[in-house]
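Here the structure comes first, spelled out in structure tokens, and everything after it is commentary.
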Amino acid sequence: MSAAVAAAAAAARVSSNRNSNHHHHHRSSQAVSHRRTPFYPPSPQPGLLVPVLSRYESLKRRDWNAFEQYLKQHRPHLRLSQCSGVHVLEFLEDRFGDTKAHAQNCPLSVNRPEPPPSCPCSCPPMEAWSSLEGLVGRLRVAFEENGGQPETNPFNAPVVRLYLMEVKEAQAMGRRIAY
């Protein structure tokens, strides 16, 4: 029910109660009228509004803050204008995930016959390709939103695209998935 409809219904009840109480004076002492006033939520105050970010915007902000932290901690310090695709790779390789891409000599590698059931694997875990792809996409947009030029965007560098393609292929081979 909209606020306007609720207000109109409340006004009609009040008016109806007044008319019936006026005509039936003897009932007024017996009947207790419960007047309900419509509930109106408080108006937002201009200085207290906090924008609600979408999941994408929240992730983009989180990722951009992490990349800026990487730039600050890099020795020597890097400015955004000095950042290259190699720096992006360095940032990406510092991220550890739960996905394993098996090396060629791993018993669980796709190039080997069926591995023994209890065979241990020492291949390092890495970030899943789809997570890296999303991360790079968000950072590509954030770079330009923070003053970077599209033609110098390090997240769009050929070396970064090649790295993502290699991660995708390695993880597909490790999972025995053909792309």
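Here, residue 1 is the first one in the sequence, and each next residue gets the next number.
For the pairing with Val136, the side chain to side chain contact (heavy atoms under 4.5 Å, CB included) check across Val141, Asp63, Asn156, Leu92 returns one residue only, Leu92.
Between the side chain of Asn153 and the backbone N or O of Arg140 there is at least one donor-acceptor pair closer than 3.5 Å.
Scanning all heavy atoms of the two residues, the minimum distance from Ala142 to Lys60 falls at CB-CG, 3.9 Å. For Gln149 against Phe143, the heavy-atom pair with the smallest separation is O-CE2, 3.5 Å. When all heavy atoms are compared, the tightest approach of Gly85 to Ala157 is CA-CB, 3.9 Å. Pairing each heavy atom of Val160 with each of Pro154, the nearest pair is CG2-O, 3.4 Å. Considering all non-hydrogen atoms of both residues, Leu71 and Cys83 come closest at CD2-SG, 4.3 Å.
Within the hydrophobic cluster formed by Ile, Leu, Val, Met, Phe, Trp and Tyr side chains joined at under 4.5 Å, directly or through other members, Leu162 is accompanied by Met165.
Glu133 meets the side chain to side chain donor-acceptor pair (under 3.5 Å) test with no other residue; sequence neighbours excluded. In this structure, the side chain to side chain contact (heavy atoms under 4.5 Å, CB included) partners of Leu53, at least two apart in sequence or on a different chain, are Glu57, Ser58, Arg61.
The distance from the CD atom of Glu68 to the CG atom of Leu139 is 10.0 Å, given to the nearest 0.5 Å. Here the CZ atom belonging to Arg75 is positioned 4.0 Å from the NE2 atom belonging to His77, to the nearest 0.5 angstrom. Rounding to the nearest 0.5 angstrom, the gap separating the CG atom in Leu135 from the OG atom in Ser130 is 11.0 Å.
Each of Val167 and Val86 belongs to its own hydrophobic cluster when Ile, Leu, Val, Met, Phe, Trp and Tyr are linked at side-chain heavy-atom distances under 4.5 angstrom.
Taking the six-membered ring where the residue is Trp, Trp64 and Phe67 present tilted rings, their angle falling between 30° and 60°.
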- Message: Using the rule given for ring-ring contact (aromatic ring centres under 6.0 Å, His included), can you reason through Phe91 versus His87, listing the C-alpha separation, both sets of side-chain angles and the distance that settles it, and then say yes or no?
- Response: CA-CA 6 Å; Phe91 172 73; His87 297 114; over 10 Å; no
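Within the 4.5 Å cutoff, the side chain of Val88 has no heavy atoms near those of the Tyr163 side chain.
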